[in-house]
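For reference, the structure discussed in these notes is given below.
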There are 2 protein chains.
Amino acid sequence: MEKSEPLAFLDHDHSQCRRTALKCANNQGLRLTKWRQLVLDLLLEDHRSMGAYEILNRLECNGVKPQPPTAYRALDFLVEHGLAHRIEKLNAYVACARPDACQSAGFIICKECNIVAEVECSPSNPELLRVAANVGFDAESTVMEVEGICSNCQNND
Amino acid sequence: MEKSEPLAFLDHDHSQCRRTALKCANNQGLRLTKWRQLVLDLLLEDHRSMGAYEILNRLECNGVKPQPPTAYRALDFLVEHGLAHRIEKLNAYVACARPDACQSAGFIICKECNIVAEVECSPSNPELLRVAANVGFDAESTVMEVEGICSNCQNND
DNA sequence: ACAAATCTGTTATAATGTTACACTCTCACT
DNA sequence: AGTGAGAGTGTAACATTATAACAGATTTGT
Ligand SMILES: [Zn+2]
Ligand SMILES: [Zn+2]
Ligand SMILES: [Zn+2]
Ligand SMILES: [Zn+2]
């Protein structure tokens with residue numbers, strides 16, 4: 001599998017994605033507490049994105065359903081440590097597809113089926129970065145999202 | 001002034017920006033109705049972004065204060081016709097800085113002062129687009145945003 | 001003048017995200 | 001083991017952002 005292929009669009013052994021992510025989380029010495037674990041697991045079910053409240057509604061531990069801050073705290077943690085990404089265009093979250101090797105990622109978003117494919121690529125647009133550098137701007141984070149219709153959905157019309 | 005300089009960071013005759021935008025709107029044969037006009041005017045006050053409710057709270061015509069849908073409708077219209085842009089990272093809106101020549105734009109966002117500089121540049125990241133094309137993805141729109149600290153704010157610490 | 005299309009007014013509600021504060025747990029250090 | 005600091009959780013309330021639905025008004029083309 002080529003490095004830059006977006007996993008989301010490929011048939012693949014997804015349980016492998018899950019194992020990699022969990023192993024990666026442990027290797028970093030992160031504290032994967034109960035809720036963080038559960039949220040990560042929900043996100044790792046597939047490569048779709050989920051809203052915070054969709055996650056919240058499915059969160060549950062021994063019959064206990066947590067409140068919004070619990071979901072947001074877990075999501076913030078996962079995003080901060082690179083185990084998940086926030087999709088700004090959708091106000092939603094996805095598990096990182098390559099938590100072991102994710103420097104900078106862009107996202108391909110299908111409007112129809114909501115699949116979100118992560119692509120490891122250099123940060124931002126070269127022209128944009130050049131202009132930013134020219135005006136002494138200190139760039140800290142980058143949003144790169146492309147919305148459209150995936151080839152599956154094009155054919156299903 | 002070089003084409004790719006971000007206007008927002010430069011001292012400039014901003015009333016000129018406003019005239020250009022309004023002229024541009026009229027030239028396109030768009031119906032700039034009362035609310036659309038007023039919203040555009042608010043956005044054109046400077047190159048800062050404004051949330052929909054910030055706009056809503058300042059909207060007023062002959063003592064009449066409209067409801068949320070009015071603001072959102074005007075904003076949707078302006079965005080759709082390229083007179084404004086939505087900043088996904090901020091859930092906010094800016095007037096287009098070059099409505100006469102805006103094919104595709106990226107944004108430089110200062111966390112401190114909230115200034116939003118628009119940069120005309122090619123759509124998205126080349127690697128991201130290449131991968132999208134490879135998998136037969138039909139790209140329709142692109143989000144390019146870089147967040148950080150502008151040089152002014154770096155010096156003001 | 002008329003019909004179709006577009007725009008507006010209005011009410012209500014949905015969806016997303018945060019503050020604040022008390023309490024509990026974990027971990028490093030005596 | 002005790003203990004204190006920091007990190008994590010529980011909970012209630014609230015703030016912000018966005019949309020649905022539908023009736024009425026205005027504009028546009030014929
Ligand atoms: Zn997978
Ligand atoms: Zn699709
Ligand atoms: Zn200006
Ligand atoms: Zn600044």
Side-chain angles (χ1 to χ4, degrees), chain A residues 25-26 28-40 42-43 48-81 83-94 109 111 114 116 143 145 147, chain B residues 25-26 28-40 42-43 48-81 83-94 109 111 114 116 143 145 147:
Chain A
N26 289 320
Q28 291 182 250
L30 302 176
R31 277 175 70 186
L32 266 203
T33 60
K34 160 176 80 167
W35 297 122
R36 293 170 182 173
Q37 184 74 246
L38 288 168
V39 170
L40 182 56
L42 281 174
L43 288 175
R48 251 158 254 286
S49 68
M50 302 178 72
Y53 277 74
E54 187 182 349
I55 288 166
L56 182 61
N57 290 332
R58 296 179 54 189
L59 264 187
E60 178 272 318
C61 183
N62 300 327
V64 176
K65 312 276 292 178
Q67 296 294 312
T70 300
Y72 281 103
R73 285 162 180 161
L75 287 168
D76 289 348
F77 176 90
L78 295 172
V79 168
E80 186 167 359
H81 293 88
L83 297 170
H85 300 286
R86 178 175 164 85
I87 307 299
E88 297 295 341
K89 183 92 183 191
L90 303 177
N91 294 336
Y93 302 82
V94 271
I109 304 163
K111 281 178 178 181
N114 287 305
V116 172
V143 179
E145 297 170 4
E147 200 177 51
Chain B
N26 290 319
Q28 290 182 249
L30 301 177
R31 279 175 69 186
L32 266 204
T33 61
K34 164 175 78 169
W35 297 122
R36 292 169 183 173
Q37 182 76 245
L38 288 168
V39 170
L40 182 54
L42 281 174
L43 289 176
R48 250 158 254 286
S49 68
M50 301 177 71
Y53 277 74
E54 185 182 350
I55 289 167
L56 181 61
N57 291 333
R58 297 180 52 189
L59 263 187
E60 178 272 318
C61 182
N62 301 326
V64 177
K65 313 274 294 177
Q67 296 295 313
T70 300
Y72 281 102
R73 285 162 181 161
L75 287 167
D76 288 348
F77 176 90
L78 295 173
V79 168
E80 187 167 359
H81 293 89
L83 297 170
H85 300 286
R86 179 177 162 84
I87 308 298
E88 297 295 340
K89 184 95 184 191
L90 303 178
N91 294 335
Y93 301 83
V94 273
I109 305 164
K111 279 180 181 180
N114 287 305
V116 172
V143 179
E145 297 170 3
E147 200 176 51

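Note that the coordinates shown come from a computational prediction; the quantities given were computed from them, not determined experimentally. Each chain gets a letter, A, B and so on, in the order the sequences are listed, and its residues count up from 1.
- The nearest whole Å value for the distance from the CG atom in A/Leu90 to the P atom in D/dT17 is 18 Å.
- In this structure, A/Arg31 places its CZ atom 8 Å from C1' of C/dC25, rounding to the nearest Å.
- With hydrogens and angles left out, the side chain of B/Tyr53 and the base of D/dA15 share no donor-acceptor pair within 3.5 Å.
- Among the atoms of the strands shown, base atoms are found under 4.0 Å from some heavy atom of A/Pro69.
- Contact annotation: A/Lys34 side-chain N/O to C/dT26 OP1/OP2 distance is not under 4.0 Å.
- In this structure, the CD1 atom of B/Ile55 is 12 Å from the C1' atom of D/dT17, given to the nearest Å.
- Side chain A/Arg36 to base D/dG8: no donor-acceptor pair is found below 3.5 Å.
- A side-chain donor-acceptor contact under 3.5 Å links A/Glu145 to the backbone of A/Glu88.
- Comparing C/dT10, D/dA18, C/dT18 against the side chain of B/Arg73 picks out C/dT10 as the nearest.
- Going from atom NZ of A/Lys65 over to atom P of D/dT9 covers 17 Å, rounded to whole Å.
- Partners of B/Gln67 by side-chain contact (heavy atoms from CB on, under 4.5 Å), not counting sequence neighbours, listed by chain and number: B/Pro69.
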Report the C-alpha distance between B/Arg48 and B/Leu43 in whole Å, list the side-chain angles of each, state the deciding distance to 0.1 Å, and finish with yes or no for side-chain contact (heavy atoms from CB on, under 4.5 Å).
CA-CA 8 Å; B/Arg48 250 158 254 286; B/Leu43 289 176; over 6 Å; no
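- Of all nucleotides listed (D/dG10, D/dT17, C/dG9), C/dG9 comes nearest to the side chain of B/Trp35.
- Under the 3.5 Å distance criterion, the side-chain polar atoms of B/Glu54 are left unmatched by any main-chain donor or acceptor of B/Leu56.
- Atom C1' of nucleotide C/dT8 and atom CZ of B/Phe77 are separated by 14 Å, given to the nearest angstrom.
- Regarding B/Leu75, its CG atom lies at a distance of 11 Å from the P atom of D/dT19, rounded to whole Å.
- Note: A/Phe77 CZ to A/Thr33 OG1 = 7.0 Å, rounded to the nearest 0.5 Å.
- Between A/Thr33 and D/dA7 there is no side-chain polar atom (N or O) within less than 4.0 angstrom of OP1 or OP2.
- Atom pair B/Tyr72:OH and D/dT17:C1' shows a separation of 4 Å (rounding to whole Å applied).
- Rounding to whole angstrom units, CD of residue A/Gln67 and C1' of C/dC23 are separated by 16 Å.
- The side chain of A/Pro68 has C/dG17 as its nearest neighbour among D/dG8, C/dG17, D/dT11.
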